[in-house]
Amino acid sequence: MGEEKKIEVEEVDGVGAPPRARVTPEFERKRDYLAGFLAEKKPESEMGGAGGELQEAVIEALKSIYDPEIPVDIYELGLIYDVAISEDGDAVVTMTLTTPHCPVAESMPGEVELRVLSVPGIRDAEVKLVWDPPWDPSKMSDEARLELGML
């Protein structure tokens with residue numbers, strides 16, 4: 001009872017992304033429902049427009065933004081409804097949040113805009129925050145469900 005407890009404080013400049021769940025070889029699945037879907041090759045596409053390299057680069061940038069309460073990126077979580085890229089390099093991202101009362105409701109659209117603007121080839125970015133249709137867990141990708149143990 002008379003012992004002093006020492007408390008150590010460490011200051012950090014930033015924190016990395018949370019670790020992603022990985023399926024190890026020891027884990028055995030009965031059936032792999034995703035095998036055919038994940039093995040499918042996407043057709044080659046041009047730089048701009050739907051499915052272009054620029055759109056893929058924007059999607060990769062969006063996959064680097066994580067929901068603060070769920071260890072899954074916002075794209076796989078299903079918060080991004082649409083990514084449209086014009087021929088001039090203007091991006092319009094239509095997105096939602098898990099709830100209108102989300103703690104990051106004010107900051108998340110700004111972060112999305114900054115990440116999209118950081119993609120080489122993007123001239124301007126606009127983020128449209130919508131509430132209809134509302135987000136629900138069915139909008140999550142199979143990868144997100146797997147990471148959260150819902151698949």
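For the residue pair Asp136 / Ser138, a side-chain donor-acceptor distance below 3.5 Å is found, with atom types taken as modelled.
Separating the CD1 atom in Ile65 from the CG atom in Leu79 is a distance of 10.0 Å, to the nearest 0.5 Å. With rounding to the nearest 0.5 Å, the separation of CD1 in Ile122 from CG in Leu54 is 4.0 Å. Within the model, atoms CZ of Arg123 and CD1 of Ile85 stand 12.0 Å from one another, a figure rounded to the nearest 0.5 Å.
Residues Leu114 and Leu97 are members of separate hydrophobic clusters, defined by side-chain heavy-atom contacts under 4.5 angstrom among Ile, Leu, Val, Met, Phe, Trp and Tyr. Cluster annotation: Val127 and Leu77 are assigned to the same hydrophobic cluster (Ile/Leu/Val/Met/Phe/Trp/Tyr, side-chain heavy-atom contacts under 4.5 Å, transitive). Linking Ile, Leu, Val, Met, Phe, Trp and Tyr residues whenever their side-chain heavy atoms come within less than 4.5 Å places Leu117 and Ile74 in a single cluster.
When side chains are defined from C-beta on, Leu148 counts as touching Met140, because their heavy atoms get closer than 4.5 Å. Using a 4.5 Å heavy-atom cutoff, the side chains of Asp67 and Val72 are not in contact. Contact of the Leu129 side chain with the Met95 side chain is registered, since non-hydrogen atoms from C-beta on lie closer than 4.5 Å. Between Tyr81 and Lys128, the closest side-chain pair of non-hydrogen atoms is not below 4.5 Å.
At least one donor-acceptor pair under 3.5 Å links the side chain of Thr96 to the backbone N or O of Val130.
Across all non-hydrogen atoms, the minimal contact from Lys63 to Tyr75 is CE-CD2, 3.5 Å. Contact between Ala105 and Pro100 at its shortest, heavy atoms only, is CB-O, 4.0 Å. Counting all heavy atoms, side chain and backbone alike, Lys139 lies closest to Pro134 at CE-O, 3.3 Å.
Each of Val119, Val116, Asp73 was checked for a side chain to side chain contact (heavy atoms under 4.5 Å, CB included) with Leu62, and the lone residue meeting it is Val116.
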Could you give me the CA-CA distance, side-chain angles and deciding distance for Ser64 and Arg115, then say whether side chain to side chain contact (heavy atoms under 4.5 Å, CB included) is met?
-> CA-CA 9 Å; Ser64 69; Arg115 293 282 176 101; 2.6 Å; yes
